[in-house]
Peer 1: 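Mind having a look at this structure? Questions to follow.
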2 protein chains.
Amino acid sequence: MDEYVDLLKTNDLKITHHRLAILKYLDDHRTHPTAEEIYQHLKKTNPGLSRTTIYNNLETLSDSHIIQRLTICPTEHRYDFNIGMHHHFICKECGDIIDVDFQCPTVSSIKKHVADQGHRIEEVHGYFKGICKDCLEKKRREQSE
Amino acid sequence: MDEYVDLLKTNDLKITHHRLAILKYLDDHRTHPTAEEIYQHLKKTNPGLSRTTIYNNLETLSDSHIIQRLTICPTEHRYDFNIGMHHHFICKECGDIIDVDFQCPTVSSIKKHVADQGHRIEEVHGYFKGICKDCLEKKRREQSE
DNA sequence: TTATTAAATTGTAATGATTCCAATTTAATA
DNA sequence: TATTAAATTGGAATCATTACAATTTAATAA
Ligand SMILES: [Mn+2]
Ligand SMILES: [Mn+2]
Ligand SMILES: [Zn+2]
Ligand SMILES: [Zn+2]
């Protein structure tokens, strides 16, 4: 928990109950949840919580690079406590976002290539879209009925 | 123009004026435009055009893999006539999306890794976020005033 | 501890891209 | 030329997100 306090302090952000709760939720739920999911969960133990506070803080935390905002799904943002460079797989069927545990050694070369064109890179995102294992199996079961 | 007709025929889609116009627009404007941009442009020469038609067709064409839908910007979809695997750079300042002309040789390995986990990959997306060359220069000029 | 103040939080209203839907039109086929 | 499934239309609805003004609070220093 002091870890979260440090993260906020380092970035000159005030230590608030909500922020700590959001960070803890993201740290405990590595499923890349949406703002709404976080809101629904934290509201249980904090009825006075406003949805806007969640949105405000997710933006603040993303801007400070304490967490990572994923723009992958067509309709909503997803958030990731893990800010290290890693790729994702998103299932078109169930919407699940899974971490891809495979470092891409080429990233640095491509970054250099883009930087050489004069652009400044601040974020790297790689993701795959398709049907996840579970959804594939579910489909197979349905067909063999 | 027959190229567009062929694309539609091959995918069992009816040949309509709107579809051909959308394809031509995307082919001529490799700036990854939004649905709204396409609508505003085509409306000029076709006043009766409905916004819904644009949305319907962009979805149909994307589903048939005739064009590519980019889910990169936080607020809107962008469309690409180029369906070949290529990465993008998006500027946080002006919103421009630029093609990255650098093939990533690692993609196949990562795809294999993901497929080995049992997932089925249908799309690959890689993009960088940052500030583009033009916006960087604009900023520099503003600061040195 | 208390006063001060900038930042955080709140609730409601607004925004804006996208989708829904029922009626109408049209491309493809025979 | 008649038939019909698909495409188009326009207006309403959806829904994630943002804007905003009022209120509260965390951090700081007296
Ligand atoms: Mn992740
Ligand atoms: Mn492109
Ligand atoms: Zn799935
Ligand atoms: Zn730019």
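Below, read A as the first sequence line, B as the second, and so on, with proteins coming before strands; counting in each chain starts at 1.
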Peer 1: Which nucleotide in the set dA6(C), dT8(D), dA5(D) lies at the smallest distance from any side-chain heavy atom of K14(A)?
Peer 2: dA6(C)

Peer 1: Checking all strands, does T52(B) fall into the base, sugar-phosphate, or nothing category for heavy-atom contacts under 4.0 angstrom?
Peer 2: base

Peer 1: With respect to the phosphate group of dT9(D), does any side-chain polar atom (N or O) of H18(B) fall under 4.0 Å of OP1 or OP2?
Peer 2: yes

Peer 1: Let me know the distance between OH of Y39(B) and C1' of dT9(D), rounded to the nearest Å.
Peer 2: 10 Å

Peer 1: Ignoring backbone atoms, test whether R51(A) places a side-chain nitrogen or oxygen under 4.0 Å from the OP1 or OP2 oxygen of dT17(D).
Peer 2: no

Peer 1: Would you indicate which nucleotide in dT18(D), dT9(C), dG11(C) comes nearest to any side-chain atom of N56(A)?
Peer 2: dT9(C)

Peer 1: Which nucleotide sits closest to the side chain of A35(A): dT18(C), dA7(D), dT17(D)?
Peer 2: dT17(D)

Peer 1: What do you reckon, is NZ of K92(B) surrounded by more than 12 foreign heavy atoms closer than 6.0 Å?
Peer 2: yes

Peer 1: Please state how far atom NZ in K9(A) lies from atom P in dA7(C), giving the value in whole angstrom units.
Peer 2: 18 Å

Peer 1: Need one value for T53(B): base, sugar-phosphate or nothing, where a base atom within 4.0 Å counts as base even if backbone is also close, heavy atoms only.
Peer 2: base

Peer 1: Quick one: Y55(B) OH to dT9(D) P, roughly how many Å, whole number?
Peer 2: 15 Å

Peer 1: If you measure from CD1 on I72(B) to NE2 on H125(A), what distance do you get to the nearest 0.5 Å?
Peer 2: 10.0 Å

Peer 1: Under 4.0 Å between a side-chain N/O of N57(A) and OP1 or OP2 of dT9(C), yes or no?
Peer 2: yes

